[in-house]
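Start at 1 and go down the list; that is how both ligands and their atoms are numbered. Values in this document were obtained by computation on a predicted structure and should not be read as measured data. Numbers here simply count residues along the sequence, with the first being 1.
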Amino acid sequence: MKFGGSSVANAERIKRVAQRVVEKKLEGHSVAVVVSAMGDTTDDLIELARQVSKNPPDRELDMLLSTGEQVSIALLAMAVNEFGHPVVSLTGPQVGITTDDIHTKARIIKVEGDRLNDVLNQGKIAIVAGFQGRSLNDDITTLGRGGSDASAVALAAALKADVCEIYTDVDGVYTADPRLVSDARKLNYIGYDEMLELASLGALVLQPRSVEMAKQFGVTIHVRSSFNNNPGTLVEEVDKMEKVRVVSGVAHDLKVAKMSLLDVPDRPGIAAILFNSLADEKINVDMIIQSTTRGNNANDISFTIEKDDLDQAVKVVERVSQELGAGGFIYGSDIAKVSIVGAGMITNPGVAANMFSALAAEGINIEMISTSEIKVSCIIQAEDTKKAVMALHKAFNLEVE
Ligand code: ADP
Ligand code: ASP
Ligand code: MG
(Lines give C-alpha, C1' and ligand atoms only; values in the text may rest on other atoms or scores of the structure.)
(Ligands and ions follow the chains in the order given, each with its own letter.)
Protein backbone atom coordinates (compact mmCIF):
# COMPACT_ATOMS: atom_id res chain seq x y z
CA MET A 1 0.00 0.00 0.00
CA LYS A 2 1.49 3.36 -1.04
CA PHE A 3 0.06 6.64 0.20
CA GLY A 4 0.92 9.91 -1.57
CA GLY A 5 1.50 13.33 -0.05
CA SER A 6 -2.12 14.48 0.04
CA SER A 7 -3.15 11.24 1.79
CA VAL A 8 -0.82 11.97 4.72
CA ALA A 9 -1.05 15.77 4.61
CA ASN A 10 -1.95 16.22 8.29
CA ALA A 11 -2.29 14.32 11.58
CA GLU A 12 -5.97 13.52 10.96
CA ARG A 13 -5.24 11.97 7.58
CA ILE A 14 -2.28 10.03 8.96
CA LYS A 15 -4.61 8.50 11.56
CA ARG A 16 -7.07 7.55 8.83
CA VAL A 17 -4.31 5.91 6.81
CA ALA A 18 -3.20 4.04 9.94
CA GLN A 19 -6.70 2.68 10.40
CA ARG A 20 -6.89 1.59 6.79
CA VAL A 21 -3.53 -0.16 7.00
CA VAL A 22 -4.49 -1.98 10.20
CA GLU A 23 -7.81 -3.07 8.65
CA LYS A 24 -5.95 -4.55 5.69
CA LYS A 25 -3.63 -6.41 8.03
CA LEU A 26 -6.58 -7.76 10.06
CA GLU A 27 -8.10 -9.08 6.82
CA GLY A 28 -5.16 -11.48 6.87
CA HIS A 29 -2.68 -9.84 4.51
CA SER A 30 0.98 -9.11 5.12
CA VAL A 31 1.26 -5.36 4.69
CA ALA A 32 4.23 -3.27 3.58
CA VAL A 33 3.39 0.43 3.36
CA VAL A 34 5.26 3.12 1.44
CA VAL A 35 4.60 6.79 2.23
CA SER A 36 5.45 10.12 0.66
CA ALA A 37 6.28 13.35 2.45
CA MET A 38 3.33 15.20 4.00
CA GLY A 39 1.43 17.51 1.64
CA ASP A 40 3.72 20.02 -0.08
CA THR A 41 6.74 19.24 2.10
CA THR A 42 9.02 18.37 -0.82
CA ASP A 43 8.17 21.63 -2.62
CA ASP A 44 8.73 23.56 0.61
CA LEU A 45 12.13 21.94 1.16
CA ILE A 46 13.20 22.78 -2.41
CA GLU A 47 12.13 26.38 -1.84
CA LEU A 48 14.10 26.48 1.40
CA ALA A 49 17.21 25.21 -0.38
CA ARG A 50 16.81 27.95 -3.02
CA GLN A 51 16.74 30.58 -0.28
CA VAL A 52 20.15 29.40 0.88
CA SER A 53 21.74 28.71 -2.48
CA LYS A 54 20.89 29.53 -6.11
CA ASN A 55 22.43 26.28 -7.25
CA PRO A 56 22.49 23.75 -4.40
CA PRO A 57 24.66 20.64 -4.94
CA ASP A 58 22.45 17.69 -5.89
CA ARG A 59 23.94 15.51 -3.17
CA GLU A 60 22.94 17.99 -0.48
CA LEU A 61 19.52 18.47 -2.07
CA ASP A 62 18.95 14.71 -1.72
CA MET A 63 20.08 14.81 1.90
CA LEU A 64 17.48 17.52 2.51
CA LEU A 65 14.58 16.15 0.44
CA SER A 66 14.81 12.64 1.89
CA THR A 67 13.91 14.04 5.31
CA GLY A 68 10.31 14.68 4.23
CA GLU A 69 9.50 10.98 3.91
CA GLN A 70 11.21 10.21 7.21
CA VAL A 71 8.79 12.47 9.05
CA SER A 72 5.87 10.58 7.50
CA ILE A 73 7.08 7.06 8.34
CA ALA A 74 7.70 7.91 11.99
CA LEU A 75 4.29 9.57 12.40
CA LEU A 76 2.42 6.81 10.58
CA ALA A 77 4.18 4.15 12.66
CA MET A 78 3.16 6.01 15.84
CA ALA A 79 -0.43 6.19 14.60
CA VAL A 80 -0.49 2.45 13.81
CA ASN A 81 1.02 1.74 17.21
CA GLU A 82 -1.97 3.55 18.75
CA PHE A 83 -4.15 0.75 17.35
CA GLY A 84 -2.05 -1.67 19.40
CA HIS A 85 -0.62 -3.29 16.30
CA PRO A 86 3.08 -4.17 16.02
CA VAL A 87 4.73 -1.88 13.49
CA VAL A 88 8.17 -0.66 12.49
CA SER A 89 9.25 2.30 10.34
CA LEU A 90 12.20 1.87 7.98
CA THR A 91 14.13 4.19 5.64
CA GLY A 92 14.88 3.33 2.01
CA PRO A 93 18.50 2.40 2.83
CA GLN A 94 17.33 0.25 5.78
CA VAL A 95 15.23 -1.91 3.46
CA GLY A 96 18.10 -2.18 0.98
CA ILE A 97 16.88 0.08 -1.83
CA THR A 98 20.10 0.52 -3.81
CA THR A 99 20.31 3.10 -6.60
CA ASP A 100 22.79 4.53 -9.08
CA ASP A 101 24.46 7.79 -8.06
CA ILE A 102 22.55 10.25 -10.25
CA HIS A 103 21.41 12.49 -7.40
CA THR A 104 17.84 13.89 -7.53
CA LYS A 105 16.86 11.40 -10.25
CA ALA A 106 18.47 8.15 -9.16
CA ARG A 107 17.28 4.82 -10.54
CA ILE A 108 16.78 1.78 -8.38
CA ILE A 109 19.20 -0.96 -9.37
CA LYS A 110 18.60 -3.50 -6.63
CA VAL A 111 16.34 -4.17 -3.64
CA GLU A 112 17.43 -6.47 -0.82
CA GLY A 113 14.12 -7.75 0.51
CA ASP A 114 15.59 -9.62 3.52
CA ARG A 115 15.01 -7.11 6.28
CA LEU A 116 11.53 -6.34 5.07
CA ASN A 117 10.68 -10.04 4.81
CA ASP A 118 11.90 -10.57 8.38
CA VAL A 119 9.70 -7.76 9.68
CA LEU A 120 6.65 -9.06 7.81
CA ASN A 121 7.30 -12.64 8.93
CA GLN A 122 7.25 -11.40 12.52
CA GLY A 123 3.68 -10.26 11.85
CA LYS A 124 4.59 -6.58 11.95
CA ILE A 125 3.35 -3.88 9.61
CA ALA A 126 6.33 -2.30 7.81
CA ILE A 127 6.21 1.44 7.05
CA VAL A 128 8.85 2.37 4.49
CA ALA A 129 10.01 5.82 3.36
CA GLY A 130 9.33 6.35 -0.35
CA PHE A 131 11.42 8.41 -2.79
CA GLN A 132 14.80 7.54 -1.22
CA GLY A 133 17.58 5.02 -1.54
CA ARG A 134 21.28 4.54 -1.04
CA SER A 135 23.85 4.71 -3.84
CA LEU A 136 26.69 2.24 -4.20
CA ASN A 137 28.94 4.99 -2.73
CA ASP A 138 26.78 4.92 0.39
CA ASP A 139 25.15 8.29 -0.21
CA ILE A 140 21.45 9.10 0.22
CA THR A 141 19.71 9.51 -3.13
CA THR A 142 16.18 10.47 -4.23
CA LEU A 143 14.26 8.96 -7.13
CA GLY A 144 12.91 12.03 -8.97
CA ARG A 145 9.60 13.80 -8.31
CA GLY A 146 6.79 11.38 -7.64
CA GLY A 147 9.42 8.74 -6.88
CA SER A 148 7.55 7.07 -4.01
CA ASP A 149 5.55 5.26 -6.69
CA ALA A 150 8.82 3.69 -7.86
CA SER A 151 9.73 2.71 -4.29
CA ALA A 152 6.36 0.99 -3.93
CA VAL A 153 6.59 -0.95 -7.18
CA ALA A 154 10.20 -1.98 -6.50
CA LEU A 155 9.26 -3.33 -3.06
CA ALA A 156 6.18 -5.07 -4.47
CA ALA A 157 8.43 -6.79 -7.02
CA ALA A 158 11.03 -7.76 -4.40
CA LEU A 159 8.35 -9.15 -2.06
CA LYS A 160 6.44 -10.79 -4.91
CA ALA A 161 3.38 -9.01 -3.54
CA ASP A 162 -0.09 -9.89 -4.86
CA VAL A 163 -0.71 -6.26 -5.77
CA CYS A 164 0.81 -2.80 -5.42
CA GLU A 165 -1.96 -0.48 -4.28
CA ILE A 166 -1.28 3.21 -4.99
CA TYR A 167 -3.61 5.33 -2.85
CA THR A 168 -4.01 8.91 -4.03
CA ASP A 169 -6.44 11.84 -4.09
CA VAL A 170 -8.43 10.68 -7.14
CA ASP A 171 -10.35 7.42 -7.70
CA GLY A 172 -7.98 6.02 -10.32
CA VAL A 173 -6.53 6.74 -13.74
CA TYR A 174 -8.89 8.91 -15.78
CA THR A 175 -9.24 9.64 -19.49
CA ALA A 176 -7.77 13.10 -18.70
CA ASP A 177 -6.74 14.96 -15.56
CA PRO A 178 -10.05 15.11 -13.64
CA ARG A 179 -9.03 18.51 -12.29
CA LEU A 180 -9.08 19.90 -15.82
CA VAL A 181 -11.91 17.93 -17.46
CA SER A 182 -15.00 17.52 -15.31
CA ASP A 183 -16.48 14.67 -17.37
CA ALA A 184 -13.22 12.70 -17.50
CA ARG A 185 -14.00 9.00 -16.99
CA LYS A 186 -12.24 6.56 -14.71
CA LEU A 187 -10.67 3.65 -16.57
CA ASN A 188 -11.26 0.22 -15.00
CA TYR A 189 -8.06 -1.10 -16.49
CA ILE A 190 -5.16 0.10 -18.61
CA GLY A 191 -2.17 -1.72 -20.10
CA TYR A 192 1.42 -0.95 -19.12
CA ASP A 193 2.34 0.59 -22.48
CA GLU A 194 -0.54 3.06 -22.57
CA MET A 195 -0.03 3.92 -18.91
CA LEU A 196 3.67 4.48 -19.47
CA GLU A 197 2.89 6.91 -22.32
CA LEU A 198 0.26 8.78 -20.29
CA ALA A 199 2.62 9.05 -17.31
CA SER A 200 5.57 10.15 -19.45
CA LEU A 201 3.40 12.74 -21.21
CA GLY A 202 2.40 14.46 -17.99
CA ALA A 203 -0.39 12.47 -16.26
CA LEU A 204 0.96 12.95 -12.74
CA VAL A 205 -0.96 10.06 -11.23
CA LEU A 206 1.91 7.53 -11.61
CA GLN A 207 5.61 8.23 -11.99
CA PRO A 208 6.78 6.89 -15.39
CA ARG A 209 9.65 4.91 -13.91
CA SER A 210 7.24 3.04 -11.61
CA VAL A 211 5.19 1.89 -14.60
CA GLU A 212 8.35 0.82 -16.42
CA MET A 213 9.35 -1.34 -13.45
CA ALA A 214 5.84 -2.74 -13.04
CA LYS A 215 5.94 -3.86 -16.66
CA GLN A 216 9.42 -5.32 -16.29
CA PHE A 217 8.56 -7.35 -13.18
CA GLY A 218 4.88 -8.03 -13.92
CA VAL A 219 3.60 -6.11 -10.88
CA THR A 220 -0.13 -5.38 -10.97
CA ILE A 221 -0.80 -1.80 -9.83
CA HIS A 222 -4.17 -0.79 -8.40
CA VAL A 223 -4.54 3.01 -8.41
CA ARG A 224 -7.32 4.03 -6.01
CA SER A 225 -8.50 6.73 -3.64
CA SER A 226 -7.32 7.00 -0.06
CA PHE A 227 -10.56 8.85 0.75
CA ASN A 228 -13.10 6.15 -0.21
CA ASN A 229 -13.39 2.42 -0.92
CA ASN A 230 -14.30 2.63 -4.61
CA PRO A 231 -12.49 0.22 -6.89
CA GLY A 232 -9.85 2.09 -8.86
CA THR A 233 -7.86 1.36 -12.01
CA LEU A 234 -5.88 -1.83 -12.59
CA VAL A 235 -2.65 -1.34 -14.47
CA GLU A 236 -1.56 -4.69 -15.87
CA GLU A 237 -0.69 -6.53 -19.06
CA VAL A 238 -3.73 -6.28 -21.30
CA ASP A 239 -4.73 -9.41 -23.15
CA LYS A 240 -3.74 -8.78 -26.75
CA MET A 241 -7.00 -10.36 -27.96
CA GLU A 242 -9.13 -7.79 -26.18
CA LYS A 243 -10.60 -4.92 -28.13
CA VAL A 244 -8.09 -2.09 -27.93
CA ARG A 245 -9.27 1.48 -27.65
CA VAL A 246 -8.18 3.82 -30.44
CA VAL A 247 -7.58 6.62 -27.92
CA SER A 248 -7.53 5.88 -24.18
CA GLY A 249 -6.65 9.25 -22.76
CA VAL A 250 -5.42 12.80 -23.12
CA ALA A 251 -2.40 14.06 -21.19
CA HIS A 252 -0.94 17.52 -20.80
CA ASP A 253 2.41 18.76 -19.56
CA LEU A 254 3.19 22.35 -18.61
CA LYS A 255 6.75 21.62 -17.57
CA VAL A 256 8.21 22.02 -21.04
CA ALA A 257 10.37 24.68 -22.65
CA LYS A 258 11.31 25.26 -26.26
CA MET A 259 14.57 26.42 -27.84
CA SER A 260 15.55 27.21 -31.41
CA LEU A 261 19.03 27.56 -32.79
CA LEU A 262 18.76 29.88 -35.80
CA ASP A 263 20.57 29.99 -39.15
CA VAL A 264 22.77 27.02 -38.45
CA PRO A 265 25.17 26.19 -41.31
CA ASP A 266 23.90 23.17 -43.24
CA ARG A 267 26.65 20.55 -42.99
CA PRO A 268 27.08 17.09 -41.49
CA GLY A 269 27.72 16.81 -37.76
CA ILE A 270 25.88 19.93 -36.57
CA ALA A 271 23.01 18.11 -34.84
CA ALA A 272 25.50 15.70 -33.27
CA ILE A 273 27.49 18.57 -31.72
CA LEU A 274 24.40 20.35 -30.41
CA PHE A 275 22.69 17.33 -28.88
CA ASN A 276 25.89 15.76 -27.53
CA SER A 277 26.61 19.04 -25.72
CA LEU A 278 23.15 18.93 -24.14
CA ALA A 279 23.49 15.24 -23.26
CA ASP A 280 26.85 15.93 -21.58
CA GLU A 281 24.96 18.17 -19.15
CA LYS A 282 22.32 15.43 -18.59
CA ILE A 283 19.66 17.51 -20.32
CA ASN A 284 16.91 15.39 -21.85
CA VAL A 285 15.72 16.50 -25.26
CA ASP A 286 12.21 15.53 -26.31
CA MET A 287 10.89 16.79 -29.65
CA ILE A 288 13.27 17.92 -32.38
CA ILE A 289 12.43 19.76 -35.60
CA GLN A 290 14.92 20.79 -38.26
CA SER A 291 13.65 23.11 -40.95
CA THR A 292 14.54 22.62 -44.60
CA THR A 293 17.55 24.50 -45.88
CA ARG A 294 16.91 27.95 -47.29
CA GLY A 295 18.84 29.82 -49.99
CA ASN A 296 21.58 30.86 -47.55
CA ASN A 297 22.56 27.24 -46.87
CA ALA A 298 21.36 27.51 -43.31
CA ASN A 299 18.45 26.11 -41.34
CA ASP A 300 16.89 26.28 -37.89
CA ILE A 301 16.87 23.50 -35.29
CA SER A 302 14.11 23.63 -32.67
CA PHE A 303 13.70 21.28 -29.73
CA THR A 304 11.93 20.91 -26.40
CA ILE A 305 13.37 20.16 -22.96
CA GLU A 306 12.12 20.08 -19.38
CA LYS A 307 11.45 23.55 -18.00
CA ASP A 308 13.71 22.86 -15.01
CA ASP A 309 16.65 22.38 -17.39
CA LEU A 310 16.13 25.66 -19.27
CA ASP A 311 18.76 27.80 -17.46
CA GLN A 312 21.39 25.16 -17.98
CA ALA A 313 20.37 24.60 -21.60
CA VAL A 314 20.62 28.33 -22.38
CA LYS A 315 24.28 28.24 -21.28
CA VAL A 316 25.01 25.22 -23.47
CA VAL A 317 23.23 26.58 -26.54
CA GLU A 318 24.90 29.98 -26.19
CA ARG A 319 28.29 28.26 -26.34
CA VAL A 320 27.33 25.92 -29.19
CA SER A 321 25.78 28.78 -31.17
CA GLN A 322 29.10 30.65 -31.16
CA GLU A 323 31.10 27.50 -31.86
CA LEU A 324 29.01 26.69 -34.93
CA GLY A 325 28.69 30.24 -36.21
CA ALA A 326 24.90 30.10 -35.97
CA GLY A 327 22.75 33.23 -36.29
CA GLY A 328 21.69 33.10 -32.63
CA PHE A 329 19.00 31.38 -30.60
CA ILE A 330 15.60 31.98 -29.04
CA TYR A 331 13.71 30.20 -26.26
CA GLY A 332 10.44 30.26 -24.39
CA SER A 333 8.65 28.43 -21.64
CA ASP A 334 5.04 29.60 -21.88
CA ILE A 335 4.17 26.47 -23.85
CA ALA A 336 2.48 23.16 -23.11
CA LYS A 337 2.46 19.70 -24.61
CA VAL A 338 -0.93 18.05 -25.17
CA SER A 339 -1.04 14.41 -26.20
CA ILE A 340 -3.47 11.68 -27.11
CA VAL A 341 -2.55 8.09 -26.21
CA GLY A 342 -4.07 4.86 -27.47
CA ALA A 343 -2.84 1.40 -28.43
CA GLY A 344 -5.38 1.18 -31.26
CA MET A 345 -3.99 4.20 -33.08
CA ILE A 346 -1.52 2.19 -35.06
CA THR A 347 -4.25 0.36 -37.01
CA ASN A 348 -6.62 3.32 -37.41
CA PRO A 349 -5.75 5.94 -40.01
CA GLY A 350 -6.74 9.57 -39.49
CA VAL A 351 -6.33 9.75 -35.72
CA ALA A 352 -3.64 12.44 -35.87
CA ALA A 353 -5.69 14.36 -38.45
CA ASN A 354 -8.69 14.28 -36.09
CA MET A 355 -6.52 15.70 -33.36
CA PHE A 356 -5.30 18.57 -35.54
CA SER A 357 -8.86 19.33 -36.68
CA ALA A 358 -10.11 19.45 -33.08
CA LEU A 359 -7.37 21.92 -32.14
CA ALA A 360 -7.93 23.99 -35.29
CA ALA A 361 -11.66 24.24 -34.55
CA GLU A 362 -10.73 25.93 -31.26
CA GLY A 363 -8.35 28.30 -33.04
CA ILE A 364 -5.35 26.73 -31.30
CA ASN A 365 -2.05 27.03 -33.11
CA ILE A 366 0.21 23.95 -33.22
CA GLU A 367 3.91 24.80 -32.88
CA MET A 368 5.45 21.33 -32.99
CA ILE A 369 4.21 17.78 -33.51
CA SER A 370 5.64 14.39 -32.66
CA THR A 371 4.17 10.93 -33.06
CA SER A 372 4.86 7.34 -32.08
CA GLU A 373 2.88 4.15 -32.64
CA ILE A 374 0.60 4.86 -29.70
CA LYS A 375 0.62 8.64 -29.21
CA VAL A 376 0.49 12.03 -30.91
CA SER A 377 1.79 15.12 -29.11
CA CYS A 378 1.47 18.80 -30.02
CA ILE A 379 3.19 21.83 -28.54
CA ILE A 380 0.79 24.74 -28.06
CA GLN A 381 0.67 28.00 -26.08
CA ALA A 382 0.31 27.27 -22.36
CA GLU A 383 -2.78 29.49 -22.07
CA ASP A 384 -4.64 27.19 -24.50
CA THR A 385 -4.04 24.03 -22.44
CA LYS A 386 -7.42 23.60 -20.81
CA LYS A 387 -9.30 24.42 -24.01
CA ALA A 388 -7.14 21.94 -25.93
CA VAL A 389 -7.50 19.06 -23.46
CA MET A 390 -11.28 19.54 -23.28
CA ALA A 391 -11.59 19.69 -27.07
CA LEU A 392 -9.55 16.51 -27.55
CA HIS A 393 -11.47 14.69 -24.83
CA LYS A 394 -14.67 15.56 -26.66
CA ALA A 395 -13.36 14.87 -30.17
CA PHE A 396 -12.50 11.28 -29.25
CA ASN A 397 -15.71 10.72 -27.21
CA LEU A 398 -13.73 9.82 -24.12
CA GLU A 399 -16.58 10.65 -21.74
CA VAL A 400 -18.53 7.62 -22.99
CA GLU A 401 -17.39 4.06 -22.44
P1 ADP B 1 0.16 11.63 -4.84
O2 ADP B 1 0.54 12.75 -3.95
O3 ADP B 1 -0.88 10.73 -4.23
O4 ADP B 1 1.32 10.88 -5.39
P5 ADP B 1 -0.12 13.09 -7.32
O6 ADP B 1 -0.45 14.52 -7.14
O7 ADP B 1 1.29 12.74 -7.61
O8 ADP B 1 -0.64 12.29 -6.04
O9 ADP B 1 -1.02 12.45 -8.47
C10 ADP B 1 -2.42 12.55 -8.43
C11 ADP B 1 -2.91 13.68 -9.33
O12 ADP B 1 -2.66 13.35 -10.68
C13 ADP B 1 -4.41 13.92 -9.29
O14 ADP B 1 -4.76 14.79 -8.27
C15 ADP B 1 -4.72 14.46 -10.68
O16 ADP B 1 -4.96 15.86 -10.67
C17 ADP B 1 -3.45 14.21 -11.48
N18 ADP B 1 -3.72 13.58 -12.78
C19 ADP B 1 -3.24 14.02 -13.98
N20 ADP B 1 -3.67 13.25 -14.98
C21 ADP B 1 -4.45 12.29 -14.42
C22 ADP B 1 -5.19 11.19 -14.97
N23 ADP B 1 -5.20 10.92 -16.29
N24 ADP B 1 -5.88 10.41 -14.11
C25 ADP B 1 -5.88 10.66 -12.79
N26 ADP B 1 -5.20 11.69 -12.21
C27 ADP B 1 -4.49 12.50 -13.01
N1 ASP C 1 7.71 13.53 -1.96
C2 ASP C 1 8.23 13.27 -3.28
C3 ASP C 1 7.69 14.31 -4.25
O4 ASP C 1 6.93 15.18 -3.87
C5 ASP C 1 7.97 11.88 -3.75
C6 ASP C 1 6.52 11.52 -3.96
O7 ASP C 1 5.63 12.24 -3.49
O8 ASP C 1 6.26 10.50 -4.61
O9 ASP C 1 8.03 14.28 -5.41
MG1 MG D 1 2.62 11.20 -7.02
Inset, instruction - May I ask you to check whether D149 has an N/O atom sitting below 3.5 Å from an N/O atom of ligand 1? - result: no
Inset, instruction - Indicate whether the side chain of N229 and that of R20 have a donor and an acceptor atom separated by less than 3.5 Å. - result: yes
Legend entry - Proximal candidate to atom 16 (O) of ligand 1 [heavy atom criterion; set R179, H252, R145]: R179
Legend entry - Interfacing atoms of ligand 1 (cut-off 4.0 Å, heavy-atom, V173): 24 (N)
Legend entry - salt bridge (Lys or Arg N to Asp or Glu O under 4.0 Å) partner of R59, chosen from D139, D101, D138: D139
Legend entry - Short N-O contact, R145 and D43, less than 4.0 angstrom: yes
Inset, instruction - Measure from NZ or CZ of R245 to the centre of the six-membered ring of Y189, then state whether that distance is under 6.0 Å and the direction lies within 45° of the axis. - result: yes
Inset, instruction - Taking all heavy atoms of K375 and all of L201, pick out the closest pair and write down the distance. - result: CD-CD1, 3.8 Å
Inset, instruction - Pick whichever of V223, L206, T168 has a heavy atom sitting closest to atom 5 (P) of ligand 1. - result: T168
Inset, instruction - Mind running salt bridge (charged side-chain N to carboxylate O under 4.0 Å, His left out) on K315 and E281 for me, showing each step along the way? - result: CA-CA 10 Å; K315 284 188 209 144; E281 298 297 325; over 6 Å; no
Legend entry - Salt bridge D193-K215, side-chain N to carboxylate O under 4.0 Å: yes
Legend entry - Protein contact to atom 13 (C) of ligand 1 [nearest heavy atom, distance to 0.1 Å]: D169 OD1, 3.5 Å
Legend entry - Greater than 12 external heavy atoms within 6.0 Å of E60's CD: yes
Inset, instruction - Report yes or no: does G146 have a heavy atom closer than 4.0 Å to ligand 2? - result: yes
Inset, instruction - Considering only non-hydrogen protein atoms, determine which one is nearest to atom 21 (C) of ligand 1 and report residue, atom name and distance to 0.1 Å. - result: D177 CA, 3.7 Å
Legend entry - Proximity flag G147 to ligand 2, non-hydrogen atoms under 4.0 Å: yes
Inset, instruction - Report yes if the side chains of V80 and K25 come closer than 4.5 Å at any heavy-atom pair, otherwise no. - result: no
Inset, instruction - Please confirm whether E69 comes under 4.0 Å of ligand 2, counting heavy atoms of the residue only. - result: yes
Inset, instruction - Report the nearest protein non-hydrogen atom to atom 23 (N) of ligand 1: residue, atom name, distance rounded to 0.1 Å. - result: Y174 O, 3.0 Å
Inset, instruction - Answer yes or no: does an N/O atom from S7 fall short of 3.5 Å to an N/O atom of ligand 1? - result: no
Inset, instruction - Please write down residue, atom name and distance for the protein heavy atom closest to atom 4 (O) of ligand 2. - result: R145 NH2, 2.9 Å
Inset, instruction - Test K2 against D149 for salt bridge (charged side-chain N to carboxylate O under 4.0 Å, His left out), laying out the working first. - result: CA-CA 7 Å; K2 177 260 170 176; D149 296 337; 2.7 Å; yes
Legend entry - Charged N-O contact under 4.0 Å between E47 and R50: no
Legend entry - Region of K2 engaging ligand 1 - heavy atom pairs below 4.0 Å: side chain
Inset, instruction - Could you tell me whether ligand 1 has any atom less than 4.0 Å away from a heavy atom of G172? - result: yes
Inset, instruction - May I ask you to check whether G5 has an N/O atom sitting below 3.5 Å from an N/O atom of ligand 1? - result: yes
Inset, instruction - Would you mind checking which non-hydrogen protein atom is closest to atom 7 (O) of ligand 2, with the distance to 0.1 Å? - result: S36 OG, 3.2 Å
Legend entry - atom 7 (O) of ligand 1: the protein heavy-atom neighbour that sits closest, reported with distance to 0.1 Å: L204 O, 3.7 Å
Inset, instruction - Please state whether A176 comes within less than 4.0 angstrom of ligand 1, counting heavy atoms only. - result: yes
